[in-house]
Amino acid sequence: MSTSATRGRAGEVAAAFLWLGLTSFGGPVAHLGYFRRAFVERRRWLDEEHFGQLLALCQFLPGPASSQLGFSIGLLRAGWLGGLAAFVGFTLPSALLLFGFALVSRALEGHWGNALVHGLKLVAVAVVLHGVLGMARTLAPDWTRRAMALGAALLVLASGAPWMQLALVAGGALAGWWLCRGVTARTGGMFALTWGRRSGAVLIALFLLGLGAAFLPGVPPLGQVAAAFYRAGALVFGGGHVVLPLLKASVVDPGWLDNNTFLAGYGAAQAVPGPMFTLASFLGARLPDGMGGAPGATVAVLAIFAPGLLLVAGALPFWRALAQRTGAARALAGVNAVVVGLLAAAFVNPVATSALHAPLDVLVAAVGALMLLARWPALAVVAWCVAATLARAHFAQGM
């Protein structure tokens, strides 16, 4: 990768991420596969090593890992405007869709709605499988790292505890430092930044200031919305579905929304592309008077994403320097191997277990994975999986 900090334009970043925001079905784990395919394999904006470095950093930090990864790719490609373009392009479509769903107040339900959602789950199976296989080849190339990946996958599947992923990432760093003796630090071609450690420290301080303010009492209604969603975004490790308990505690437990409304929004979030955290758009829009509507949705979305983006931008200068040390490179190799295991575990549960209910499901998803291996566009895979499940629903209804 070039050492230039702004190799591209914000416009091309916006276009690339807007397309992903419109087509990246399947949830946070699937997004990693989409990003790898779009920016490593197709556009070659960064190589596999840099992709792994950014992914490992985003796995370490609290917040929405896939959105942080996309934001980081935009930053490295086109500076601050590129990061903003990546965030807006990837986030806006699903935020608008879920805001619209909040207005009509109807979840995807019934025979055809269930078939549509099931087709999107099969898309996730194909994308995640393709991503796991591709990352395993490059991030777990030897038996040591394959064993680490397998061990991480088995521990996650056996435990099921959200904190296990963070513990394994930390354990992977220690194991990599000890076991990956053949790994050396990359001495040239490190990603370049337009800001340094001093600016990074300021960004981290802003994150902490926001977190402290989120616990202050006596704020106005929209301030309460910002505080609730900022806390959820700042304190969740693992992102994606892991944020749901925090969001439930933020909006259901205080009595702002009932549990049925919360679950309806969650169901709708499964059927739209883009980041899971845009569930905040639905929840913010449905909040009581003085807190909801378009202002509530806007505040909720910005507040839930802000802490993760501040953290990753602040951490990048420190991470860049750390990654040039041999010991850190070994630790990073271990983290990357563990990440492969985490993705493999997520492929098994919840991706495959929630989508593969019959032999025909396996066939549809396998064909989708083969289409990706043959470099078909992701939208073609979406069209195939959804069309196949809708056709099956049509024949089942006619029987």
Side-chain angles (χ1 to χ4, degrees), residues 27-28 61-68 91-92 94-109 160-163 165-166 206-272 274-311 350:
L61 299 175
S66 63
S67 293
Q68 289 170 308
T91 307
L92 188 60
S94 58
L96 290 176
L97 285 170
L98 288 169
F99 177 73
F101 171 71
L103 296 182
V104 299
S105 300
R106 289 186 60 89
L108 290 174
E109 58 185 13
W163 56 264
Q165 296 191 18
L166 182 63
L206 288 175
F207 160 80
L208 294 173
L209 182 64
L211 184 59
F215 287 94
L216 293 177
V219 294
L222 281 178
Q224 296 177 40
V225 176
F229 284 88
Y230 191 98
R231 288 195 302 268
L235 300 177
V236 59
F237 284 89
H241 303 280
V242 184
V243 79
L244 293 175
L246 287 172
L247 283 178
K248 182 176 180 293
S250 298
V251 300
V252 176
D253 294 352
W256 292 351
L257 295 176
D258 60 58
N259 197 55
N260 288 335
T261 301
F262 180 81
L263 292 177
Y266 172 68
Q270 307 305 305
V272 299
M276 170 66 67
F277 274 43
T278 53
L279 172 59
S281 178
F282 171 87
L283 298 177
R286 289 296 303 270
L287 291 175
D289 293 340
M291 305 173 73
T298 302
V299 169
V301 169
L302 294 178
I304 200 171
F305 280 102
L309 301 188
L310 283 172
L311 261 185

Once rounded to the nearest 0.5 Å, what's the spacing between atom [atom1] of [X] and atom [atom2] of [Y]?
X: Leu309; Y: Leu61; atom1: CG; atom2: CG; result: 11.0 Å
X: Leu287; Y: Leu222; atom1: CG; atom2: CG; result: 9.0 Å
X: Arg286; Y: Thr261; atom1: CZ; atom2: OG1; result: 4.5 Å
X: Ile304; Y: Thr91; atom1: CD1; atom2: OG1; result: 11.0 Å
X: Leu103; Y: Leu98; atom1: CG; atom2: CG; result: 11.0 Å
X: Ser94; Y: Phe277; atom1: OG; atom2: CZ; result: 12.0 Å

Shortest non-hydrogen contact between [X] and [Y], atoms and distance:
X: Ser67; Y: Pro275; answer: OG-CB, 3.4 Å
X: Phe99; Y: Ala297; answer: CD1-CB, 3.8 Å
X: Pro62; Y: Gln68; answer: O-NE2, 3.0 Å
X: Pro64; Y: Gly308; answer: CD-CA, 4.4 Å
X: Gly233; Y: Pro307; answer: C-CG, 3.6 Å
X: Pro254; Y: Val251; answer: CD-C, 3.7 Å

For this session: Identify which one of Val301, Leu247, Val299 satisfies the side-chain contact (heavy atoms from CB on, under 4.5 Å) criterion when paired with Phe229.
Result: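 Among the candidates, only Leu247 passes.
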Exercise. Is there a side-chain contact between Phe215 and Tyr230 (heavy atoms, below 4.5 Å)?
Worked result: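 Phe215 does not reach Tyr230 side chain to side chain.
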Problem set entry | Short side-chain to backbone donor-acceptor contact, Ser281 and Thr278, under 3.5 Å |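 No; zero donor-acceptor contacts below 3.5 Å.
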